[in-house]
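For reference, the structure is listed below as structure tokens.
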Amino acid sequence: MSTGRFGAFGGQYIPETLMNEIQRLEKAYDHYKHDPAFQAELKELLDNYANRPSLLYYAERMTKDLGGAKVYLKREDLNHTGAHKINNALGQCLLAKKMGKTRVIAETGAGQHGVATATAAAFLGLECEVFMGEEDTIRQALNVYRMELLGAKVHAVTSGSRVLKDAVNEAMREWVSRVDDTHYVIGSTMGPHPFPMMVRDFQAVISKEARQQILDKEGKLPAAVLACVGGGSNAMGMFYNFIDDKDVRLIGCEAAGKGIDTKLHAATIAKGEVGIFHGMKSIFCQNEDGQIDEVYSISAGLDYPGIGPEHAYLNETGRAQYIPVKDDEAVEAFEYLARTEGIICAIESAHAVYEAMQLAPTMSPEDSIIVCLSGRGDKDVAAIARYKGRDLHE
Amino acid sequence: MSKIGQAFKKGKAFIGFLTAGDPSLEKTYEYIMTMEKAGADLIEIGIPFSDPIAEGIVIQEADLRALQQGTRIDDVFDLVKRVRKESQIPLVFLTYLNPVFHYGADKFFTRCEESGLDGIIIPDMPFEERGECAEAAKAHGIDIISMIAPTSKDRIQTIAKAGEGFLYIVSSLGVTGTRTEIKTNLKDIIDTAKAVTDVPCAVGFGINTTEQAETIGRDADGVIVGSAIVKLIAKYGDDAAQPIYDYVKAMKEAVMRSRS
């Protein structure tokens with residue numbers, strides 16, 4: 001059995017063509033992870049290019065309105081490019097450069113990871129191609145144009161259900177075709193080892209900062225931290241440095257779409273089963289023959305039939321809880337946060353905001369909770385308007 | 001020697017691939033029998049999968065057509081059983097790991113044995129992850145056919161030493177599908193493998209012309225052709241028997257010509 005496991009989950013289930021490359025990547029990452037010069041260079045990029053550290057914002061109006069635990073928002077939406085995705089994109093593109101790669105490829109759902117990768121590639125002088133499901137290129141047309149402005153080539157993927165899963169398939173096929181000069185910047189804590197660990201490490205800056213920030217503000221740890229989960233990168237980033245703090249509840253919010261009792265959802269933990277796909281053993285929505293399901297969510301970023309292997313493990317051990325949140329609930333939270341705090345967050349993040357709205361009133365005002373605001377919502381405005389029955393001309 | 005070894009006994013082998021259930025299970029049965037009649041030495045049967053990441057567009061679409069027909073894994077076992085009643089041609093599956101894992105490896109390989117299958121190719125199960133299937137496959141006498149790629153280098157001999165049935169040498173980088181040119185130094189890879197194993201080496205990915213079959217056959221023990229056959233099925237649907245017969249016959253003759 002390969003290395004890179006979280007309990008039984010994880011592994012390296014990929015075609016032989018990629019095995020030497022993935023082992024090279026594993027070695028390179030192990031090296032640079034402990035290389036002070038690499039870490040200093042990355043920190044410089046994060047602080048002076050990506051605008052870190054991000055704010056830990058006390059949502060006072062929301063707290064008063066909900067009545068209960070103090071609600072803090074970890075403002076990843078204020079990062080350069082507007083989402084947490086830049087943390088990982090800068091890390092991997094820098095690593096790719098150190099490995100002598102001249103070209104990066106990426107998959108993207110909502111387009112945030114594609115934009116982040118295109119940005120890092122432009123900044124670091126790498127060629128960039130992004131694979132995006134055709135359906136998503138329509139839902140997130142603005143992000144397609146942003147990537148093109150940044151010099152990336154965007155491929156609209158027309159296979160399968162034409163969403164994130166299919167974009168990953170196509171990016172993997174591309175990587176198998178051209179592995180020598182190309183690094184595949186996987187956007188979430190998924191895929192074959194070392195990706196789930198490496199992406200987590202690049203995103204762990206979120207909880208590293210947040211843990212210190214909440215101690216500075218509150219003098220004690222939060223009662224719970226919440227984040228939305230698709231593949232699970234912002235959630236792993238938000239959870240990681242709290243895993244050993246046993247009293248801090250870790251809550252992941254997955255996309256329940258039209259409801260987990262319908263076929264239209266992407267609630268992997270609630271409805272999936274153990275499987276092996278996209279390079280990893282984890283939990284996947286699949287049918288009785290092990291065919292991967294076509295999943296659904298209003299959010300293109302959570303519209304994925306699997307979940308990262310470390311989440312599968314945190315779920316199995318009971319360390320983290322995963323709660324399904326429906327489209328209409330996420331939209332309600334999206335509007336609530338805009339009206340109450342003047343913040344338009346990504347529809348992905350709104351899934352976690354919704355759960356915070358349910359949780360805070362049940363807790364003591366002495367306690368605090370942190371919600372990871374993984375991204376900003378500009379990209380979603382037109383789609384939410386459509387959802388509410390208004391057609392905007394962008 | 002397993003039954004798969006027999007496929008390489010009559011000289012250079014021709015291995016044909018098709019996807020079960022494309023355009024229907026009835027036709028898949030007919031086309032397997034047609035390929036045998038035309039001289040194929042071994043048949044690779046694809047169990048359709050929703051997300052075949054190692055396949056190019058031709059086989060992706062075949063998988064989709066087969067799934068839209070409602071093809072189930074149990075149907076594919078029944079297909080193998082039916083072929084086995086009429087023919088002793090070696091049969092192997094090509095599938096992805098999730099359908100096997102979800103079915104349950106032990107139950108899956110029990111059914112393989114009952115149906116009369118001889119081997120299995122799982123493109124997303126590299127050497128390090130063989131543990132998912134190795135024990136169950138061995139218990140039921142099913143060979144796990146390993147793949148060796150142009151990028152395998154120092155891994156070639158490790159994989160070759162554990163080889164069963166035949167070694168599947170991937171001709172070039174990328175996914176399945178026809179290529180006009182194959183530049184990889186296949187002879188080097190095959191020689192490296194053969195230094196440590198007696199298991200036959202067959203080359204696949206991208207082969208579609210008789211010229212390619214003849215050239216590659218000089219170094220390899222067999223050639224594997226998938227997309228070119230699946231293309232005929234996509235084009236002729238229920239009436240593909242004659243085109244498949246003509247094509248396989250020409251390819252088998254080409255590969256036999258390369259006998260050194």
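Proteins get letters first, then strands, A, B, ... in listed order; numbering begins at 1 in each. Note that the structure is predicted; figures quoted are calculated from it, not measured.
- Contact count versus chain B (heavy atoms, under 4.5 Å) is highest, among A:Met172, A:Lys165, A:Glu294, for A:Lys165.
- Distance check: A:Ile14 CD1 to B:Glu128 CD gives 9.0 Å after rounding to the nearest 0.5 Å.
- Contact annotation for A:Val168: neither backbone nor side-chain heavy atoms come within less than 4.5 Å of a heavy atom of chain B.
- Around atom NZ of A:Lys101, more than 12 heavy atoms belonging to other residues, nucleotides or ligands sit under 6.0 Å away.
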query = B:Met147 and A:Met19: side chain to side chain contact (heavy atoms under 4.5 Å, CB included), yes or no, with the steps?
reply = CA-CA 11 Å; B:Met147 296 178 116; A:Met19 281 306 286; over 6 Å; no
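- With a 4.5 Å cut-off on non-hydrogen atoms, A:Glu174 does not touch chain B at all.
- A donor-acceptor pair is defined here as one N or O able to donate and one able to accept, closer than 3.5 Å; no such pair exists between the side chain of A:Asp289 and the backbone of B:Arg72.
- Shortest non-hydrogen contact noted between B:Pro126 and A:Gln12 is CG-O, 3.2 Å.
- Between chain A and the options B:Leu67, B:Ile57, B:Ile47, heavy-atom pairs under 4.5 Å are most frequent for B:Leu67.
- Of the possible donor and acceptor atoms, one in the side chain of A:Arg173 sits under 3.5 Å from a partner among the backbone N and O of B:Pro52.
- In this structure the side chain of B:Glu132 reaches within 4.5 angstrom of the side chain of A:Lys281, judged on heavy atoms.
- At distances below 3.5 Å, not a single donor-acceptor pair connects side-chain atoms of B:Gln60 with backbone N or O atoms of A:Ser159.
- The distance from atom CD1 of B:Ile122 to atom CD1 of A:Ile276, rounded to the nearest 0.5 Å, is 9.0 Å.
- In terms of heavy-atom proximity, A:Gly290 sits nearest to B:Asn98 at O-ND2, 2.8 Å.
- Annotation: B:Asp154, atom CG; neighbour count of heavy atoms from other residues, nucleotides and ligands within 6.0 Å is above 12.
- In plain terms, the two heavy atoms of B:Leu173 and A:Val176 that are nearest each other are CB-O, 3.5 Å.
- Chain B forms more heavy-atom pairs under 4.5 Å with one residue of A:Asp293, A:Val179, A:Asn287 than with any other, namely A:Asn287.
- Contacts between B:Pro48 and chain A at a heavy-atom distance below 4.5 Å involve the backbone alone (N, CA, C, O).
- For A:Glu273, the part lying near chain B is the side chain, with the backbone staying farther off; criterion is any non-hydrogen pair under 4.5 Å.
- Taking chain A as the reference chain and counting heavy-atom pairs below 4.5 Å, the highest number among B:Ser146, B:Ser152, B:Pro150 is found for B:Ser152.
- Contacts of B:Ile159 with chain A are made by side-chain atoms alone, with heavy-atom separations under 4.5 Å and no backbone atom involved.
- Heavy atoms closer than 4.5 Å to chain A are found in both the backbone and the side chain of B:Pro99.
- Separating the NE2 atom in A:His278 from the CD1 atom in B:Ile53 is a distance of 7.0 Å, to the nearest 0.5 Å.
- Looking at B:Glu61, there are no atoms closer than 4.5 Å to chain A (heavy atoms on both sides), in backbone or side chain.
- If you check the side chains of A:Glu21 and B:Thr151, you find no donor sitting under 3.5 Å from an acceptor.
- Defined by atom type and a distance below 3.5 Å, a donor-acceptor pair is missing between the side-chain atoms of B:Tyr168 and A:Glu16.
- When the shell of 6.0 Å around OH of A:Tyr313 is examined, it contains 12 or fewer heavy atoms from other residues, nucleotides or ligands.
- The CZ atom of B:Phe101 sits 8.5 Å away from the CD atom of A:Gln286 when rounded to the nearest 0.5 Å.
- Summarising the geometry, atom CZ belonging to A:Phe284 is positioned 10.5 Å from atom CG belonging to B:Asp51; distances are rounded to the nearest 0.5 Å.
- A distance-only check finds no donor-acceptor pair linking the side chain of B:Asp124 to the backbone of A:Pro15 [under 3.5 Å].
- Here the closest heavy-atom approach between residue A:Ile292 and residue B:Phe49 is recorded as CG1-CZ, 3.9 Å.
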